[in-house]
> 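After the structure tokens below, expect a handful of questions from me.
Note on naming: letters A, B, ... go to the chains in the order of the sequence lines (proteins, then strands), and numbering restarts at 1 for each one. The shown structure was predicted, so the numbers you read here are calculated from the model rather than taken from an experiment. The basis for the numbers below is simple: all heavy atoms, side chains too, and nothing from hydrogens, waters or symmetry mates.
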Protein chains: 2
Amino acid sequence: METKTALTALTGLAHATRLAIFRLLVPAGAPGLAAGQLGEALRLPPATLSFHLKELRHAGLLTQRRAGRTLYYAADYTAMNALLAYLTENCCQADAGGCEAVCAPPVPARKRRSSSATRRPL
Amino acid sequence: METKTALTALTGLAHATRLAIFRLLVPAGAPGLAAGQLGEALRLPPATLSFHLKELRHAGLLTQRRAGRTLYYAADYTAMNALLAYLTENCCQADAGGCEAVCAPPVPARKRRSSSATRRPL
DNA sequence: TCCATATTTCCATTATTTTGGAAATATAGT
DNA sequence: ACTATATTTCCAAAATAATGGAAATATGGA
């Protein structure tokens with residue numbers, strides 16, 4: 001990933017509302033969530049929500065899928081992984097046994113969710 | 001790391017000049033670089049540079065150290081690691097074998113610099 | 001076709017961030 | 001004390017981002 005792309009992704013996530021949107025979409029997986037569901041969960045006026053969804057989509061962090069009248073948005077894990085790779089590669093310590101040793105996440109992985117998505121608060 | 005802190009760090013990095021500053025400081029290690037060196041490298045007017053250094057410092061991404069008249073800035077690896085941990089934990093795929101499998105950086109680690117001794121994380 | 005629903009786009013207003021010159025501060029040397 | 005260097009803070013202008021009401025678009029159903 002090049003710096004310009006990383007910068008776009010960082011800018012996409014660097015806003016409270018957008019980070020909240022993205023975090024809601026992460027556990028939602030590939031099916032994603034409808035714009036309306038996001039709007040209700042975050043109590044956002046439609047225009048404001050739409051603005052941030054557009055930003056995230058332009059930042060390459062979200063995919064959009066239409067089903068009837070509703071538009072579903074899903075987190076683009078590939079983009080997120082690429083951002084993490086960029087940060088690990090470019091913004092981590094060079095010494096002391098390589099980057100992995102220093103940058104490895106100190107927390108265990110998220111638990112797999114059950115069939116009905118349990119959502120956690122913001 | 002809580003969301004508010006992560007947001008601050010993301011906002012810190014989400015600017016071309018600040019990301020450039022941070023990327024210059026990463027390989028510079030604990031001694032860091034003088035403000036003047038950064039200004040010359042990036043060709044920034046002093047006030048502008050100082051503004052961004054302050055932003056990065058307030059975002060917890062930089063440490064400051066004075067030596068005589070010059071101020072040295074260094075990347076705070078701990079903060080960066082915490083940000084990576086947050087993103088890995090909160091913004092990565094939940095399924096398919098856990099987060100590490102999905103979010104592991106697909107690129108090899110940076111090469112260590114041969115000249116200086118092994119350095120510990122800050 | 002007409003109406004309802006889901007969501008976006010338009011756009012003006014407001015809010016926030018960024019910029020950089022000039023003045024101020026900090027330190028060192030003479 | 002004076003001068004030079006390194007860097008910051010002040011501040012106002014310029015640039016950019018965010019907000020949300022209202023109008024527009026897209027789709028589905030009667």
Side-chain angles (χ1 to χ4, degrees), chain A residues 3-25 28 31-76 122, chain B residues 3-25 28 31-75:
Chain A
T3 295
K4 212 166 112 190
T5 314
L7 202 46
T8 308
L10 284 169
T11 306
L13 292 174
H15 186 279
T17 300
R18 288 195 295 266
L19 186 58
I21 290 171
F22 194 81
R23 289 191 59 196
L24 280 177
L25 291 177
L33 295 174
Q37 293 182 276
L38 291 166
E40 195 181 358
L42 299 171
R43 321 245 64 189
L44 292 169
T48 301
L49 173 67
S50 207
F51 167 76
H52 288 301
L53 287 172
K54 186 186 67 190
E55 292 291 300
L56 283 167
R57 202 148 67 82
H58 288 173
L61 291 162
L62 256 49
T63 59
Q64 193 190 46
R65 167 178 65 90
R66 180 180 282 275
R69 293 183 266 212
T70 71
L71 284 169
Y72 287 89
Y73 288 89
D76 186 330
L122 286 178
Chain B
T3 295
K4 212 166 112 190
T5 314
L7 203 45
T8 307
L10 284 169
T11 306
L13 292 175
H15 187 281
T17 300
R18 289 194 294 265
L19 185 58
I21 290 171
F22 195 81
R23 289 192 58 195
L24 279 177
L25 291 178
L33 295 173
Q37 293 182 276
L38 290 166
E40 194 180 359
L42 299 171
R43 321 247 63 190
L44 292 169
T48 300
L49 173 68
S50 206
F51 167 77
H52 288 300
L53 287 173
K54 186 187 67 189
E55 292 291 301
L56 283 167
R57 202 148 66 81
H58 288 174
L61 293 162
L62 256 50
T63 59
Q64 193 190 46
R65 167 177 67 90
R66 180 180 283 276
R69 292 183 269 213
T70 71
L71 284 170
Y72 287 88
Y73 288 88

> Are any of B:Thr48's side-chain N or O atoms less than 4.0 Å away from OP1 or OP2 of C:dT19?
no
> B:Tyr73 and B:Ala35: which non-hydrogen atoms are nearest, and at how many Å?
CE1-CB, 4.1 Å
> Please give, in whole Å, the distance from D:dT5 P to B:Gln37 CD?
17 Å
> Using only atom types and a distance under 3.5 Å, with no angle test, would you say the side chain of B:Arg18 pairs donor to acceptor with the backbone of B:His52?
no
> Identify whether any heavy atom of A:Ala35 sits under 4.0 Å from a base atom; if not, whether one sits that close to sugar-phosphate; answer base, sugar-phosphate or nothing.
sugar-phosphate
> Round to the nearest Å and state the distance from A:Leu7 atom CG to C:dT17 atom C1'.
15 Å
> May I ask you to say what A:Arg18 touches in the nucleic acid, namely base, sugar-phosphate or nothing, with a heavy-atom cut-off under 4.0 Å?
sugar-phosphate
> Of the nucleotides C:dT8, C:dT27, D:dG20, which has the atom closest to the B:Arg69 side chain?
C:dT27
> Tell me which nucleotide among C:dG21, C:dT18, C:dT8 gets nearest to the side chain of B:Ala47.
C:dG21
> Taking atom P of D:dT25 as reference, at what distance in whole Å does atom CG of A:Leu71 sit?
16 Å
> Go through the steps for A:Leu56 and A:Leu25 under the test side-chain contact (heavy atoms from CB on, under 4.5 Å), then give the verdict.
CA-CA 12 Å; A:Leu56 283 167; A:Leu25 291 177; 5.9 Å; no
> Nearest whole Å is fine: how far is C:dT8 C1' from A:Tyr73 OH?
8 Å
> The side chain of A:Glu55 lies closest to which of these nucleotides: C:dT19, D:dA18, C:dA26?
D:dA18
> Nearest-Å distance, CD1 (A:Ile21) to P (D:dA18)?
11 Å
> Report the distance from atom CD of A:Gln64 to atom P of C:dT8, rounded to the nearest whole Å.
6 Å
> Rounded at 0.5 Å granularity, tell me how far CZ in A:Arg23 sits from CG in A:Leu42.
11.0 Å
> Is a side-chain donor or acceptor of B:Arg66 paired with a backbone partner of B:Gly68 at a separation under 3.5 angstrom?
yes
> Within a 6.0 Å radius of atom CD on B:Gln64, are there more than 12 heavy atoms belonging to other residues, nucleotides or ligands?
yes
> What is the distance, rounded to the nearest whole Å, between atom CG of B:Leu49 and atom C1' of C:dT18?
14 Å
> Take A:Gly68 and A:Phe51, find for each the nucleotide of DNA chain D with the closest heavy atom, and name the residue whose nucleotide sits nearer the 5' end.
A:Phe51
> What's B:Ser50 touching, base or sugar-phosphate or nothing? Going by heavy atoms closer than 4.0 Å.
base
> Please give, in whole Å, the distance from D:dT16 C1' to B:His15 NE2?
10 Å
> Please pick, from C:dT8, C:dT19, C:dT9, the nucleotide with the shortest atom-to-atom distance to any side-chain atom of A:Pro46.
C:dT8
> With respect to the side chain of A:Thr70, which nucleotide from C:dT9, D:dT8, C:dA6 is positioned closest?
C:dA6
> On DNA chain D, compare the nucleotides closest to A:Ala14 and B:Ala34; which residue's is nearer the 5' end?
B:Ala34
> Report which part of the nucleic acid A:Pro45 touches: base, sugar-phosphate, or nothing (heavy-atom distance under 4.0 Å, all strands).
sugar-phosphate
> Between C:dT17 and B:His52, is there an OP1 or OP2 to side-chain N/O distance shorter than 4.0 Å?
no
